[in-house]
Amino acid sequence: MSDRIHTLSGYLYEYQKSVAQPEEFWAKIADSFYWRKRWSKVLKWNFEEPEIKWFVDAKLNITENIFERHLFTIGDRPAIIWEANDPNEEGRTITYRELFHEVNRFANALKRKGIGKGDKVIIYMPMVPEAAIAMLACARIGAIHSVVFAGFSSTALADRVVDCEAKAILTSDGNYRGSKKIGVKSVVDEALEKSSVETVIVYERTKQDVTMKEGRDFWWHDVIAEESEQCVAEEMDSEDMLFILYTSGSTGKPKGVVHTTGGYMVYSQYSFDNVFQYSEGDVYWCTADIGWITGHSYIVYGPLLAGATTLMFEGVPTFPDCGRFWAVVEKHKVNIFYTAPTAIRALQAYGTEEIEKYDLSSLKVLGSVGEPINEEAWHWYHTHIGKNKCPIVDTWWQTETGGIMVSPIAGITPTKPAYATLPLPGIQLCIVDPEGNELTGNSVEGNLCVKYPWPGMIRTIFGDHERCKQTYFSTYKGMYFTGDGVKRDHDGYYRILGRVDDVINVSGHRLGTAEVENAINEHPKVIESAVVGYPHEIKGQGIYAYVICDMTNRTEDNLINEIKEMVSKIIGPIAKPDKIQIVSGLPKTRSGKIMRRILRKIADGSHDTMGDTSTLLDPEVVSQIIEGRK
Ligand code: WT7
């Protein structure tokens, strides 16, 4: 790729150019893509509405940029290497040409079921190549996909089905996860009890028993059986929606982050190419799930647009044992490995014996994503996995940013443990104080904002543009607010300090405290609850819930278990509180607002430095809570 950065001075040059002449900068990058019609203007924007349009009036199809754009040169190259949950099950290798044909066949099947441009399709599937095929088939025909992580509960799935007005769901019979076999279709059935979804297509994975509803449910292998492997791509506007992906916020229900076609395409490939410095023949492995933005941008779209070989892993890091990641690296000679700090910390706890059994010499680049990586985990990763020869790219970004924003360029940017280092070209960061004043110069700390658009950014929240405006563009005027705290050190390097809002990051998964509280409050014995995050050795943050309950006819233990089950049922197992403390009251201000600052201090054990509690309605409640601390 011609827009590849090769040196540190090259990075600095590109960065300067991207700030001085952003439209020229992005136009040059966009030139290497295939557009059916070129843009009339590169960018139109304002951050007040907000209204952001990249490559205005251009027409394209993102899948033509994966397939037709370079099929003649890369048709026989592996696109996806799939590693099954069970190491004894044979994996699959799918070339670009084969993937192209599979995408087309499935796209034709979707069309035959009456699904077309603008229709919303939910994908609730395990990590099998068909999940990627499903995404690309939607994009091929202009349908908008919304992937829901297959670990979410039926209630969470039902909420998303309703919110995005899904016309179809693509799913599987079941899912293998470690030693477990989990029902997937049964969850869909529950979610669809009261819905108007017209079509459900079921991929057969585990061969477990499922109920198929006549006229609504069809098997994947049946619907593609007679379809042709040719399908002409639908022409899309650059700003047509490509996908909706739900993520948690500090208030209310999860929101559907909307990404559009042209800008997302350019940004996902550009960031992939540069950050990881992928070279032809490399095997690249990102361990995320396609249910998260990392899976969208860096398992599917970024690597496939770049013509890379992307490894997709169905299983978990600890099955059949905690050496599985390293066994996969050895088996497939993985060159670039991208994972989350929570996985690194979990594997770190098992020691190095399981690592030494494997040959990891193929590794060239290591990546980290999803949460701050602590220095100890960074060093462990660098020493034991990278053998002190692989640069670590600590990539900071968000569902809303579409792609990596702050990260070293592998092998080029000098790294510093726990620092995401420097912004990618085109990313104009800004650190502000609580009043919104920009903090210039180095050695400053504040809230992280972005003051100029980039192609991969969020366009709206599906069905609620006002919420998009309020959440991201109203806190600080004229800026996109990330919700993260950050420090810029004496070298100008960025270190992300974590969320400054009521969002908690559990094992790299984002959860809103309000969302967890609402789930807890569904329990009939719960009167009120307050949830905060606290430092957790493996997960980064754990969930601590303070709950006021009606204790009649209940013991504390069984109530706590019931509450955990309730949260698991309503959101999913990832949201289960780690600690639940039954309390008789919550610290509130005179106006009735829960003082989470105090609850956070108690949860992380730093209540000696509580500060002023005199504004509380009932200061006595604090000492009671401290006494019963978990
Ligand atoms: C939040 C976004 C980006 C894909 C996965 C998570 C935190 C993400 C880092 C990092 C420190 C990070 C931030 C951010 N975060 N990457 N490298 N260092 N923090 O996407 O679910 O949208 O969560 O994850 O707090 O705001 P997400």
Side-chain angles (χ1 to χ4, degrees), residues 33-36 59-71 74-75 79-80 82 92 94-125 128-148 164 166-172 197-204 216-238 240-245 259-262 264-265 268 290 295-296 299-301 303-305 307 310 312:
F33 289 82
Y34 170 61
W35 305 84
R36 292 222 193 147
K59 305 287 177 204
L60 74 155
N61 186 290
I62 194 168
T63 67
E64 283 187 336
N65 281 276
I66 294 175
F67 300 117
E68 281 92 335
R69 179 166 57 138
H70 36 215
L71 208 55
I74 67 168
I80 298 177
W82 178 71
R92 292 157 67 185
I94 303 170
T95 66
Y96 271 88
R97 186 169 295 102
E98 288 161 350
L99 184 63
F100 182 42
H101 292 157
E102 287 311 308
V103 166
N104 285 338
R105 284 171 75 185
F106 195 63
N108 285 328
L110 289 175
K111 283 208 274 193
R112 200 173 297 276
K113 293 284 172 227
I115 297 154
K117 192 171 181 167
D119 289 334
K120 322 294 183 302
V121 176
I122 284 206
I123 299 175
Y124 186 76
M125 290 181 77
V128 290
E130 280 65 21
I133 291 169
M135 291 164 75
L136 298 174
C138 287
R140 188 83 180 163
I141 63 170
I144 298 154
H145 59 71
S146 184
V147 184
V148 176
C164 80
K167 195 164 171 183
I169 299 195
L170 314 177
T171 188
S172 70
V197 166
E198 291 162 18
T199 308
V200 178
I201 300 178
V202 187
Y203 176 72
E204 186 176 62
R216 184 193 74 179
D217 301 353
F218 305 91
W219 288 106
W220 182 294
H221 51 260
D222 288 337
V223 299
I224 61 167
E226 306 285 312
E227 297 296 347
S228 140
E229 48 189 43
Q230 309 284 326
C231 172
V232 176
E234 189 72 33
E235 184 165 292
M236 306 301 285
D237 186 88
S238 178
D240 277 341
M241 253 187 259
L242 176 64
F243 64 84
I244 303 170
L245 184 60
H259 284 288
T260 57
T261 310
Y264 176 83
M265 169 181 80
S268 59
I290 49 140
H296 284 60
I299 294 178
V300 179
Y301 287 111
L304 294 178
L305 283 160
T310 177
M312 211 173 162

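These figures come from a predicted structure and were not determined experimentally.
Shown here are the side chain to side chain donor-acceptor pair (under 3.5 Å) partners of Lys111, two or more places apart in sequence or in another chain: there are none. Not counting sequence neighbours, the partners of Arg36 by the side chain to side chain donor-acceptor pair (under 3.5 Å) test are Glu64, Glu235. Shown here are the salt bridge (Lys or Arg N to Asp or Glu O under 4.0 Å) partners of Glu98, two or more places apart in sequence or in another chain: there are none. Applying the side chain to side chain donor-acceptor pair (under 3.5 Å) criterion to Asp240, with sequence neighbours excluded, gives no partner residue. The salt bridge (Lys or Arg N to Asp or Glu O under 4.0 Å) check on Lys113 picks up nothing, with sequence neighbours excluded.
Relative orientation of the Phe33 and Trp35 rings is perpendicular, given thresholds of 30° and 60° on the angle between their planes.
Interatomic distance, CG of Leu305 versus OG1 of Thr63, reported as 9.5 Å (0.5 Å rounding). One finds the OG1 atom of Thr261 at 10.5 Å from the CG atom of Asn65 (value rounded to the nearest 0.5 Å). Phe67 contributes atom CZ, which lies 9.0 Å from atom CD1 of Ile74 (distance to the nearest 0.5 angstrom). The line from CG of Leu170 to CD1 of Ile115 is 7.0 Å long, rounded to the nearest 0.5 Å. His296 NE2 to Ile290 CD1: the interatomic distance, rounded to the nearest 0.5 Å, is 7.0 Å. Atoms CZ and CD1, on Phe243 and Ile123 in that order, are 11.0 Å from each other to the nearest 0.5 Å.
Side-chain contact between Trp220 and Glu130: present, with at least one pair of heavy atoms (C-beta onward) separated by less than 4.5 Å. The shortest distance between side-chain heavy atoms of Thr260 and Leu242 does not fall below 4.5 Å. Val148 has its side chain out of reach of Ile169: every pair of non-hydrogen atoms, C-beta onward, lies at least 4.5 Å apart.
Ser172 contributes no side-chain N or O that, together with a main-chain N or O of Met125, makes up a donor-acceptor pair within less than 3.5 Å. A donor-acceptor pair under 3.5 Å links the side-chain atoms of Asn61 to the main chain of Ala139, judged by distance alone. Of the possible polar contacts, none joining the Thr199 side chain to the Ala168 backbone as a donor-acceptor pair under 3.5 Å is found.
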Output, in order, the C-alpha distance, side-chain angles, deciding distance and verdict of side chain to side chain contact (heavy atoms under 4.5 Å, CB included) for Tyr96 and Leu304.
CA-CA 9 Å; Tyr96 271 88; Leu304 294 178; 3.5 Å; yes

Could you please spell out the steps behind the side chain to side chain contact (heavy atoms under 4.5 Å, CB included) verdict for Arg112 and Val223?
CA-CA 9 Å; Arg112 200 173 297 276; Val223 299; over 6 Å; no

Assess the residue pair Asp237 and Lys59 against the criterion (side chain to side chain contact (heavy atoms under 4.5 Å, CB included)); give the C-alpha distance rounded to whole Å, side-chain angles, the decisive distance to 0.1 Å, and a yes or no.
CA-CA 5 Å; Asp237 186 88; Lys59 305 287 177 204; 2.9 Å; yes

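The shortest heavy-atom contact between Ile94 and Pro129 is CD1-CB, 3.5 Å. Ala166 approaches Val197 most closely through the heavy-atom pair O-CG2, 3.6 Å. Scanning both residues, Ala131 and Met312, for their nearest heavy atoms gives CB-CE, 4.4 Å. Residues Ile201 and Trp219 share a closest heavy-atom pair of CG2-C, 4.4 Å. Counting all heavy atoms, side chain and backbone alike, Leu60 lies closest to Ser238 at CD2-CA, 3.7 Å.
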Distance-only donor-acceptor pairs under 3.5 Å for side chains of residues 101-110, two or more places apart:
residue, atom, partner, partner atom, Å
Glu102, OE2, Arg105, NH1, 3.2
Asn104, OD1, Arg140, NE, 3.1
Asn104, ND2, Phe100, O, 3.3
Asn104, ND2, Glu229, O, 3.0
Asn108, ND2, Asn104, O, 3.3
Asn108, ND2, Ser228, O, 2.9
Asn108, ND2, Gln230, O, 2.8

